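Working notes, structure below.
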Amino acid sequence: MIKVVSTSPFSDQKMGTAGLRRKSKVVLQPGYVENFMQSIFNVIGNLQGKVFVVGGDGRYYNDVAIQKIIKMAAANGVSRLIVGQNGFISTPAGSNIILKNHADGGFILSASHNPGGIDGDFGIKYSNHTGGQIPSFVSDAIYQETLKISEYKICDVPDVDLSQIGHQELCGMQIDVIDPVNDYVEMMEQIFDFTAIKNLFKSGFTMRFDAMNAVTGPYAVRIFEEILGASKGSVVNYVPLPDFGGLHPDPNMVYAKELVDFMFSDDAADFGAANDGDGDRNMILGKSFFVTPSDSLAILTDNFQYIPAYKNGIYGVAKSAATSTSVERVAKAHNIGYYEVPTGWKYFVNLMDSKRITFCGEESFGTGSAHIREKDGIWAVLFWLNIIAATGKSVAQITEEHWQKYGRSYYVRFDFEGVDGTIADNLMADLENRLSALVNKRYGDYIVADAGAFVYNDPVDKSSTKNGLIVRFADGSRIVYRLSGTGSSGATIRVYIERYSKEDIKREPLQMLTELFKIAMLISEIPERTGKHQADVVT
Ligand code: G1P
Ligand code: ZN
């Protein structure tokens with residue numbers, strides 16, 4: 001039943017910040033998924049005895065791609081696959097299933113927060129036994145393999161029924177279809193004080209969770225409504241749809257508009273949150289109040305003592321270089337380890353495995369801990385609910401008291417999208433060359449203290465990664481420039497701007513950053529080179 005099919009390489013199967021991500025129509029090309037998967041299997045080598053987890057966020061083509069992967073895994077000699085019922089598993093739940101079952105890795109079919117559907121994006125994220133996405137040297141080897149692949153193996157059998165939980169066999173491989181929600185819920189119950197959160201809801205506390213028609217709907221309904229007792233209807237857009245109902249499932253002020261409008265209205269709930277397509281990103285809102293992800297990481301870290309799983313102490317904390325420095329001040333105050341890594345969750349994995357850190361986060365609405373090796377949207381929401389339940393304070397109160405204690409990092413990210421790839425590459429290369437000459441230069445109130453590429457030397461595997469350019473000013477303000485590695489077409493230039501204030505903590509971020517934005521444009525020549533004077537997305 002094993003068929004060997006001849007194929008020819010695609011030149012564009014290089015993984016980005018988080019796996020392979022392409023326009024759905026690109027992935028639909030005959031052999032596209034097959035070539036990529038066979039390249040992974042070839043690089044792994046002997047698959048006898050190996051166990052993998054497979055699932056996805058349910059987006060368009062999830063159902064077709066998962067059948068290909070199952071049949072190819074069987075044909076390549078994989079021993080066992082653990083598959084989410086109907087092909088669903090969120091990214092954080094997948095990491096947990098890998099770790100819990102001591103699996104050799106897993107495949108989550110998702111383009112994360114990118115829109116789905118035939119005109120949207122599709123993607124495949126590959127994790128190894130750590131439960132985290134593979135390091136760059138492995139993805140580089142896979143890319144090389146995709147460039148020379150000439151055949152793939154597949155079991156020539158009808159599609160597997162994934163609707164029923166239980167065991168089955170395919171071409172000598174065992175398939176276990178599991179409930180993708182159960183293990184995840186059990187893990188959350190072990191981390192947080194569910195009794196305290198139940199009492200919070202009993203006292204009349206209200207929340208709205210927007211699952212954005214994506215994978216977290218069933219997880220959120222089970223946890224927030226059925227177990228913790230949030231009133232029915234607290235979770236909205238909870239049915240995962242192949243095109244996310246036309247939503248752009250990225251939980252931020254721009255794309256989670258329905259939730260933001262509600263939380264800034266007179267009818268607002270006490271607490272609001274949203275997750276992205278595959279459930280690893282989160283946005284936190286209070287009544288007419290938005291918590292930046294950088295602040296959220298700092299606040300969670302500062303309040304670890306309220307959470308049963310962390311109350312005896314945490315190892316340390318890490319953030320991506322582009323994330324604001326809020327959490328650095330918390331790490332200093334608690335005298336715990338502090339690390340800055342390149343953008344992408346995979347860079348946190350070694351730090352967690354070596355017990356250097358417990359918490360980590362990125363400005364891009366990602367927060368998480370060493371309970372798994374991916375960021376975790378529902379975990380962050382439960383962490384906030386647990387702090388609220390323990391302190392009796394509102395989101396705004398908790399955040400404002402944090403600023404009073406530590407000062408505030410005003411922080412905004414500006415994205416310039418759809419830029420020609422060559423223009424973007426040249427812009428970054430030329431900027432990098434000019435940076436050292438900027439040191440000591442004055443721009444209005446700001447003097448450049450230091451400028452250069454961000455280079456990360458991993459303390460565990462000793463690899464070195466260059467990611468983005470940083471301009472630091474004498475007052476602690478920073479501008480970070482990088483190119484996105486998750487887009488499916490064209491280039492996106494991200495400009496992250498930060499300004500710290502110890503006392504002046506109640507101002508509008510954009511207003512506080514007006515001058516720095518102008519400096520950022522001047523230094524980089526973005527307007528002249530791209531024709532864009534304003535960013536396309538501001539978060
Ligand atoms: C973006 C975010 C990054 C995150 C990644 C995957 O990557 O900026 O923090 O880890 O999505 O969710 P980028 O497009 O910037 O490479
Ligand atoms: Zn995601």
Side-chain angles (χ1 to χ4, degrees), residues 14-21 55-59 89-95 108-116 121-125 127 132-133 136 139 211-212 214-216 219 240 244 247-252 255-256 274-283 292-294 297 318-324 340-349 360-368 372-380 411 413-419 424 428 454 465-469 480-496 536-537 539:
K14 194 172 169 60
M15 291 184 236
T17 311
L20 181 72
R21 207 169 286 186
D57 63 10
R59 69 178 59 224
I89 296 181
S90 77
T91 288
S95 182
I108 297 292
L109 312 187
S110 171
S112 186
H113 50 283
N114 293 12
D121 290 356
F122 189 78
I124 302 177
K125 300 203 234 185
S127 299
Q133 289 172 57
S136 306
S139 50
M212 303 195 84
V215 78
T216 51
Y219 294 83
F244 307 118
L247 289 183
H248 186 150
D250 197 359
N252 61 36
Y255 297 125
N275 274 189
D276 75 330
D278 61 330
D280 54 359
R281 292 186 174 202
N282 75 91
M283 175 170 66
T292 68
S294 298
L297 174 64
K319 70 165 192 76
S320 62
T323 302
S324 100
E340 248 190 358
V341 306
T343 291
W345 209 259
K346 58 191 174 209
Y347 296 103
F348 295 128
V349 171
C360 43
E362 294 188 285
E363 53 65 42
S364 53
F365 297 80
T367 350
I372 51 169
R373 298 294 178 271
E374 290 279 5
K375 51 190 179 255
D376 190 341
I378 288 183
W379 171 91
Y411 180 89
R413 181 177 108 186
F414 302 86
D415 291 338
F416 297 84
E417 296 181 338
V419 178
M428 290 297 285
F454 172 73
T465 308
K466 196 165 115 176
N467 190 275
L469 307 172
V480 180
Y481 302 90
R482 26 179 314 278
L483 294 184
S484 159
T486 56
S488 55
S489 59
T492 294
I493 304 169
R494 303 204 196 281
V495 182
Y496 313 77
D536 297 286
V537 179
T539 48

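Ligands are counted one by one from 1 in listed order, and the atoms in each one are counted from 1 as well. Quick caveat: nothing in here was measured; it's all calculated off a predicted structure.
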Quiz item: Tell me, which protein N/O/S atoms are under 2.8 Å away from the Zn ion (ligand 2)?
Solution: Ser112 OG, Asp276 OD2, Asp278 OD1, Asp280 OD1

Self-check item: Side-chain heavy atoms of Ile493 within contact of Leu483, under 4.5 Å
Solution: yes

Self-check item: salt bridge (charged side-chain N to carboxylate O under 4.0 Å, His left out) assessment of Glu340 paired with Lys319
Solution: CA-CA 5 Å; Glu340 248 190 358; Lys319 70 165 192 76; 2.9 Å; yes

Exercise. Please name the pair of heavy atoms, one in Ala214 and one in Gly277, separated by the smallest distance, quoted to 0.1 Å.
Key: CB-O, 3.3 Å

Quiz item: Heavy-atom distance under 4.5 Å between the side chains of Phe244 and Pro115, does that happen here?
Solution: no

Exercise. Report the relative orientation of the aromatic rings in Tyr411 and Tyr496; use parallel for angles under 30°, tilted for 30 to 60°, perpendicular for over 60°.
Key: tilted

Quiz item: Tell me, which residues have any heavy atom less than 4.0 Å from some atom of ligand 1?
Solution: Thr17, His113, Arg281, Thr343, Gly344, Glu362, Glu363, Ser364, Lys375, Arg413, Arg482, Ser484, Gly485, Thr486, Arg494

Practice problem: Using side chain to side chain donor-acceptor pair (under 3.5 Å) as the criterion, list what pairs up with Asn467, not counting sequence neighbours. | Solution: Arg482

Self-check item: Side chain to side chain, Asp278 and Lys125, heavy atoms closer than 4.5 Å
Solution: yes

Exercise. For Asp276, check side chain to side chain donor-acceptor pair (under 3.5 Å) against everything at least two apart and list the hits.
Key: Ser112

Self-check item: Trp379 vs Pro92 side-chain heavy atoms within contact, under 4.5 Å
Solution: no

